[in-house]
**Q** 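One structure coming up, written as C-alpha cells, with questions to follow.
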Amino acid sequence: MARADVDELAPSITLSVDVEDEPDFDAFFTERDHYFHTNYLTDAQAERDLTQVLDLLRLKPGDAVLDAGCGDGRLAVRLALAGLNVTAVDHDAAQLERLRLHAVTSKVDVTAVECGLESLTLERAFDAALLWFTTFGFLDDKTNEKILRRLSSSLRPSGRLVIDTLNPIAVERYVNEHPGDVETWHGSDVQIDRYRFDRLANRLESKRTTIVNRVEEKRLLSLWLPSVAQWRELFVRTGLEFSSIHGHGRRAWNEETWEMVLVAEAAER
Ligand SMILES: C[S@@+](CC[C@H](N)C(=O)[O-])C[C@H]1O[C@@H](n2cnc3c(N)ncnc32)[C@H](O)[C@@H]1O
C-alpha cells in the first residue's frame with residue numbers, strides 16, 4: 001500500500017513528533033517498536049531462542065546469567081524456569097513491569113534492574129551474559145563500545161557472552177532491493193520504514209513513521225552493524241575473545257543469513 005493510501009486511512013492524525021534530522025538514540029525500542037514486533041515474538045520463537053542461548057552459553061542449572069536489554073523478560077523468565085540465577089537489566093520501566101508480572105505468574109525469581117547498560121556497574125560474578133534480539137548497536141559508537149566493556153567486566157574469567165544481531169551483508173542487500181517504504185501492519189496501525197545503509201559507518205538507518213490509533217510519530221533510527229572483522233577488533237578492545245559465529249537456530253552463518261549470532265569469552269585478566 002502506498003504512503004498516500006495510508007494518509008487517507010488516517011485522516012485525523014493528532015500528533016506529529018518530527019525528529020528526522022538526528023538519530024534518536026534515546027528512543028530506539030519503544031512500546032511502539034514492541035507492538036509492531038508482536039507477530040514475531042511468539043512463545044514458539046522464545047522457546048527456540050532459549051534453546052540456542054542455553055546451548056551457546058553452555059549453561060547449567062545454578063549458573064548466574066545476565067540478560068542485558070531483557071525487554072519484557074520472555075527469555076529471562078524462561079532462563080529462570082530452566083534453573084538459572086537470572087539478573088535482567090533494561091532501561092525501560094514498562095518492559096520491566098511486564099517482566100515482573102511474567103516472573104510472578106511463572107513462580108520464578110528474576111532480579112530486575114532498571115538501568116542503562118552503559119551505566120551498569122556489576123561485580124565480576126556472571127557465568128554468562130546475553131544481548132539478544134538486536135539489542136546492541138543503537139547508540140553512538142563510543143557508547144556501544146562502553147556497553148560491551150561493562151558486560152565484559154561483569155563476566156567471570158572464561159564467562160561467555162552471546163550477541164544476537166543482524167548480518168550487515170544481508171541487511172545491505174535487503175536495503176538495496178527495497179528502496180521505497182517498507183510497511184509493517186498491526187491491524188489498522190502501520191509502521192513505515194525508509195531504509196538506508198551507510199557502508200562507511202556500517203550503520204542501518206531508518207526514517208521510521210508509525211501510526212497507531214491515528215497518532216503519528218517519526219524517528220530516525222541508526223543501528224550499528226559491525227562486520228565480522230570489526231566485531232573481532234571490538235572484542236579485543238573490550239577484554240573479550242571471539243569464540244564462534246552462527247545463524248539463528250541450527251543454521252550456520254553465511255552471507256545470506258539475516259541474523260548474526262556471535263559468541264565471545266571473557267579474556268584472562
Ligand atoms: C529488541 S528488544 C529485545 C528484548 C529482549 N532481549 C528479547 O530478546 O526479547 C531490546 C531491549 O533492549 C533494551 N535496551 C537497549 N539498549 C539498552 C541500553 N543501552 N540500556 C538498557 N536497555 C537497553 C530496550 O529497552 C529493549 O527492551
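Ligands are counted one by one from 1 in listed order, and the atoms in each one are counted from 1 as well.
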**Q** I'd like to check whether Asp72 has a polar contact with ligand 1, where a contact means an N/O of the residue lying under 3.5 Å from an N/O of the ligand.
**A**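 No, since none of the N or O atoms of Asp72 sits under 3.5 Å from an N or O of ligand 1.
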**Q** Mark yes or no for whether Ser106, through its side chain, and Ala103, through its backbone, hold a donor-acceptor pair below 3.5 Å.
**A** no
**Q** Can a non-hydrogen atom of Phe138 be found less than 4.0 Å from any atom of ligand 1?
**A**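 For ligand 1, residue contact (heavy atoms, under 4.0 Å) with Phe138 is absent.
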**Q** Considering both backbone and side-chain atoms of Leu41, is one of its nitrogen or oxygen atoms within less than 3.5 Å of a nitrogen or oxygen in ligand 1?
**A** no
**Q** As an exercise, identify every atom of ligand 1 less than 4.0 angstrom from a heavy atom of Asp92.
**A** 25 (O)
**Q** Does Arg74, backbone or side chain, put an N or O under 3.5 Å from an N or O of ligand 1?
**A** yes
**Q** Can you name the atoms of ligand 1, numbered from 1 with element, that are less than 4.0 Å from a heavy atom of Gly116?
**A** 20 (N), 21 (C)
**Q** For Cys70, counting its heavy atoms only, list the atoms of ligand 1 lying under 4.0 Å from any of them.
**A** 4 (C), 5 (C)
**Q** Which atoms of ligand 1 have any heavy atom of Gly71 under 4.0 Å away?
**A**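 Checking each atom against Gly71, I get 4 (C), 27 (O).
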**Q** Among side-chain atoms of Gln45 and Asp43, is any donor-acceptor pair under 3.5 angstrom?
**A** no
**Q** Within a distance under 4.0 Å of any heavy atom of Ile147, pick out the atoms of ligand 1 and give their elements.
**A**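 Going through ligand 1 atom by atom, the ones under 4.0 Å from Ile147 are 19 (N).
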**Q** For the rings on Tyr174 and Trp258, is their centre-to-centre separation under 6.0 Å?
**A** yes
**Q** Using 4.0 Å as the upper bound for N to carboxylate O, is an ion pair formed by Asp181 and Arg194?
**A** yes
**Q** Please state which option from Leu117, Thr135, Asn144, Leu139 has its nearest heavy atom closest to atom 12 (O) of ligand 1.
**A** Thr135
**Q** Let's go through Tyr195 and His178 carefully: what are the C-alpha distance in whole Å and the side-chain angles of both, what is the deciding distance for ring-ring contact (aromatic ring centres under 6.0 Å, His included) to 0.1 Å, and is it a yes or a no?
**A** CA-CA 8 Å; Tyr195 292 115; His178 296 80; 8.6 Å; no
**Q** Do any nitrogen or oxygen atoms of Glu118 lie less than 3.5 angstrom from nitrogen or oxygen atoms of ligand 1?
**A** yes
**Q** Could you tell me whether Phe133 and ligand 1 have an N or O pair separated by under 3.5 Å?
**A**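 No, no N or O pair falls under 3.5 Å.
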**Q** Run the numbers on Glu172 and Asn176 for side chain to side chain contact (heavy atoms under 4.5 Å, CB included), then give the verdict.
**A** CA-CA 6 Å; Glu172 184 178 9; Asn176 291 338; 3.9 Å; yes
**Q** So, taking the atom named CG in Asp140 and the one named CG in Asn144, what distance separates them when rounded to the nearest 0.5 Å?
**A**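 Between Asp140 CG and Asn144 CG, I get 6.5 Å after rounding to 0.5 Å.
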**Q** Does Asp67, backbone or side chain, put an N or O under 3.5 Å from an N or O of ligand 1?
**A**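 Checking ligand 1 against Asp67, no N or O pair falls under 3.5 Å apart.
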**Q** For atom 14 (N) of ligand 1, which of His91, His34, Gln95, Glu114 has the closest heavy atom?
**A**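 Among His91, His34, Gln95, Glu114, the closest heavy atom to atom 14 (N) of ligand 1 belongs to His91.
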**Q** How long is the gap from NE2 on His34 to CG on Asp72, to the nearest 0.5 Å?
**A** 4.0 Å
**Q** Hey, does the side chain of Glu97 reach the backbone of Ala94 with a donor-acceptor pair shorter than 3.5 angstrom?
**A** no
**Q** Suppose I only count heavy atoms of Cys115 and a 4.0 Å limit; which atoms of ligand 1 are within that range?
**A**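 So the answer, numbered in order with elements, is 20 (N), 21 (C).
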**Q** Side chains of residues 113-131: which donor-acceptor partners sit under 3.5 Å, not counting sequence neighbours?
**A**
from	atom 1	to	atom 2	distance (Å)
Asp127	OD1	Arg156	NH1	2.9
Asp127	OD2	Ala64	N	2.7
Asp127	OD2	Arg156	NH1	3.2

